[in-house]
Structures are given as C-alpha cells and as structure tokens.
Amino acid sequence: MTLRRFPHEVDPHQLAQIGLVVLQADETIERDFRQVIPPAIEVLVTRIASGADLSPESLSAMEAHLGAAAGLLPQRGRFAAVAYACTSGTAQIGIDRTGALLRGAVATRAVTDPVTALVAACRALGVRRLGLLSPYVPEVSDRLRRVLADAGLETPVFGSFEVADESRVVRIDATSILSAARALAGEGGIDALFLSCTNLRTLGLIGTLESQTHLPVLSSNQVLAWHMARLAGVAVTPALPGRLAALELHEAD
C-alpha cells in the first residue's frame with residue numbers, strides 16, 4: 001500500500017472569534033448565543049467546574065479554576081473577546097480579578113463578563129436605576145447589588161426567587177419570571193429592569209416585558225452577547241431582543 005501525500009493550501013479567511021467560559025451547570029447561555037450572535041462571529045466555549053449550590057463559597061471557589069478553564073480555549077489565534085459567563089461569579093470574584101485571569105490564560109483583544117456588559121449597556125441607554133430580579137440567595141444578591149452600586153448603578157427595586165440549587169434555576173418557568181418582573185416594575189422609580197443570571201431563561205421574555213412595563217429590559221445573556229458583538233466590531237442581529245438591540249442597530253446605520 002502506497003501512501004499518497006497531497007498538497008494543501010491554508011484558507012486565509014478567518015471569522016472573528018469570541019470565547020465563553022461557561023459554568024458546568026449552565027444549560028441556557030449556549031442556546032441563547034446561538035440565537036443572537038451574528039454569523040460573522042464564531043463562538044467557542046469551554047466549561048468551568050461549578051458547585052451544585054449557589055453560595056458565596058461555591059462562587060468564590062471558581063476563581064481557582066477560571067484561568068485553567070479559559071486556557072482550554074484554542075490557542076492558535078487571538079480572540080476578539082473572551083468572557084466569563086457568570087453574573088454572580090463575577091460579582092463574587094471581582095471584575096478586575098476575573099479579567100486578569102482571562103487575559104493571563106488566553107490571547108484576546110478584550111475581556112468581559114455579564115456585570116461589565118450590563119454596565120456598558122446601562123451607559124448606552126442612559127440607565128442609572130435598575131429594578132433587579134435575581135434567582136440568588138440573599139448573600140449572593142447583596143454582593144451583586146454592592147458591585148453594581150460601585151459602578152454607579154442603583155438597585156432601589158429588588159426581588160429574588162432565592163434559589164440555592166443551581167439546577168433549579170434553569171427550571172424556573174416563564175410565568176414566574178414574568179409575574180415577578182411585572183411586580184418589580186410596578187413599584188416605580190426605576191429606569192430599566194435587569195433579569196440576572198446566565199442560566200435563567202429570560203431571553204424570550206424581554207419583548208413581552210418591555211411592552212407590558214414600558215421600560216427597557218436587560219438580561220445577563222442579552223447584554224453579554226451585545227457587548228461581545230460590539231467588542232468584536234460586528235453589529236448584533238435583529239434576533240437580539242429589546243431596546244438595547246434597537247439602539248445598537250440605530251448606531252450602526
């Protein structure tokens with residue numbers, strides 16, 4: 001048997017790539033990103049071990065593994081952006097520390113996370129006062145609120161499902177989320193609603209809530225996708241819901 005060696009060429013064209021470090025327990029963000037990230041961007045994903053419970057201790061524990069998880073992304077080229085896809089984990093570990101761990105593990109032009117993306121989205125929309133809906137236990141929610149306050153975002157209206165079991169968060173149904181969000185909006189005194197957690201299935205509810213509450217509605221996965229597309233220099237797709245997407249499309253015109 002004779003081995004035939006064939007010549008080949010290397011394709012010079014390369015789409016912009018973004019990398020996500022996704023929690024082991026997260027069943028939502030990859031589905032959401034497939035819907036809203038434009039085809040001009042390739043999304044590559046790695047996983048980080050995460051605890052079964054939502055607690056400050058389990059979130060803090062991910063700091064020791066974040067660099068190694070990011071380091072499993074392909075190292076051939078330079079990413080347009082890499083994100084740690086955990087809202088509460090970013091708040092617990094810290095935005096600066098999270099970014100440093102990502103930059104130390106993978107070549108990327110930019111780093112982000114849901115908290116950083118939320119701050120950027122609020123600035124773009126002129127939002128200063130958020131109604132915050134979270135699935136977290138009080139200690140985790142309180143940490144997130146303090147981090148947002150440090151970034152200039154008040155959360156005078158706040159509510160939570162207070163779920164300690166990570167696997168239960170993704171099972172919170174749409175009726176429960178819609179009812180809670182409407183109740184928070186009804187308290188008034190806010191510029192927008194934020195539905196926190198990358199594992200909470202909120203993307204498909206944003207349009208309905210904006211129509212019902214007459215407020216901008218933001219979610220962890222929505223703002224992260226928007227921010228990463230912007231960092232990659234690519235306009236979001238019309239599939240991204242909410243006023244945030246309309247603002248981006250208007251700016252791109």
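Atom CG of residue Leu231 and atom CZ of residue Arg109 lie 9.0 Å apart, to the nearest 0.5 angstrom. The CG atom of Leu218 sits 7.5 Å away from the CZ atom of Phe194 when rounded to the nearest 0.5 Å. Going from atom CG of Leu20 over to atom OG1 of Thr46 covers 10.0 Å, rounded to the nearest 0.5 Å. Between the CG atom of Leu203 and the CD atom of Gln35 there is a distance of 5.5 Å, given to the nearest 0.5 Å. Rounding to the nearest 0.5 Å gives a distance of 7.5 Å between CG of Leu118 and OG of Ser220. Residue Ser219 holds its OG atom at 11.5 Å from CG of Leu193, rounded to the nearest 0.5 Å.
Closest heavy-atom contact between Ala232 and Ala16: CB-CB, 4.5 Å. In terms of heavy-atom proximity, Ala239 sits nearest to Val36 at O-CG1, 3.8 Å. In this structure, Phe161 and Ile172 approach most closely via the heavy-atom pair CD1-CD1, 3.8 Å. Listed here is the closest heavy atom pair of Gly242 and Glu210: CA-OE1, 3.3 Å. The two residues Tyr136 and Ser160 come nearest to each other via the heavy atoms O-OG, 2.5 Å. A pairwise comparison of heavy atoms in Phe79 and Ile18 identifies CD2-C, 3.6 Å as the closest pair.
No side-chain donor-acceptor contact under 3.5 Å links Glu166 to the backbone of Ala164. With hydrogens and angles disregarded, a donor-acceptor distance shorter than 3.5 Å links the side chain of Ser58 to the backbone of Asp53.
Residue pairs meeting the salt bridge (charged side-chain N to carboxylate O under 4.0 Å, His left out) criterion with at least one partner in residues 70-89, sequence neighbours excluded, are absent. Identified under the side-chain hydrogen bond (donor to acceptor under 3.5 Å, both in side chains) test for residues 141-150, with sequence neighbours left out: Ser134-Ser141, Arg145-Thr155. Note on residues 121-133: pairs passing side-chain hydrogen bond (donor to acceptor under 3.5 Å, both in side chains), not counting sequence neighbours, are Arg129-Glu154. Residue pairs meeting the side-chain hydrogen bond (donor to acceptor under 3.5 Å, both in side chains) criterion with at least one partner in residues 89-102, sequence neighbours excluded, are Ser60-Gln92, Glu63-Arg97. Listed by first and then second residue, the salt bridge (charged side-chain N to carboxylate O under 4.0 Å, His left out) pairs involving residues 15-31 are Glu27-Arg171, Glu30-Arg47 (not counting sequence neighbours).
A donor-acceptor pair shorter than 3.5 Å cannot be found between the side chains of Thr198 and Asn221.
Note: the hydrophobic cluster containing Val82 does not contain Leu15 (ILVMFWY, side chain heavy atoms under 4.5 Å, direct or indirect links). The hydrophobic clustering, which links ILVMFWY residues whose side-chain heavy atoms are closer than 4.5 Å, places Val170 and Leu133 apart. Linking Ile, Leu, Val, Met, Phe, Trp and Tyr whenever their side-chain heavy atoms come within less than 4.5 Å puts Leu54 and Phe158 in one cluster. Using a 4.5 Å cut-off between side-chain heavy atoms of Ile, Leu, Val, Met, Phe, Trp and Tyr, with links allowed through other members, Val43 and Leu72 fall into different hydrophobic clusters.
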Would you mind writing out the side-chain donor-acceptor pairs for residues 174-182 within the sub-3.5 Å range, not counting sequence neighbours?
{"from": "Ser176", "atom 1": "OG", "to": "Asp173", "atom 2": "OD1", "distance (Å)": "2.6"}
{"from": "Arg182", "atom 1": "NH1", "to": "Gln212", "atom 2": "OE1", "distance (Å)": "3.0"}

Could you go through the side chain to side chain contact (heavy atoms under 4.5 Å, CB included) check for Leu66 and Ile48 one step at a time? CA-CA 7 Å; Leu66 182 53; Ile48 184 171; 4.1 Å; yes
Task: Trace of the side chain to side chain contact (heavy atoms under 4.5 Å, CB included) decision for Thr87 with Val115 - done: CA-CA 6 Å; Thr87 316; Val115 179; 4.0 Å; yes
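Here the side chains of Ser50 and Met62 are in contact, with some heavy-atom distance below 4.5 Å. Residues Asp191 and Leu215 are not in side-chain contact: their nearest non-hydrogen atoms beyond the backbone lie 4.5 Å or more apart. Contact annotation: the side chain of Leu224 approaches that of Pro114 to within less than 4.5 Å [non-hydrogen atoms, C-beta and beyond]. A heavy-atom distance below 4.5 Å is found between the side chains of Leu209 and Leu195. Side-chain atoms of Val119 and Ile95, non-hydrogen and from C-beta on, never get closer than 4.5 Å to each other. When side chains are defined from C-beta on, Pro38 does not count as touching Val236, because their heavy atoms never get closer than 4.5 Å. Between Thr112 and Leu102 the shortest side-chain heavy-atom distance does not fall below 4.5 Å. Side-chain atoms of Phe33 and Val45, non-hydrogen and from C-beta on, never get closer than 4.5 Å to each other.
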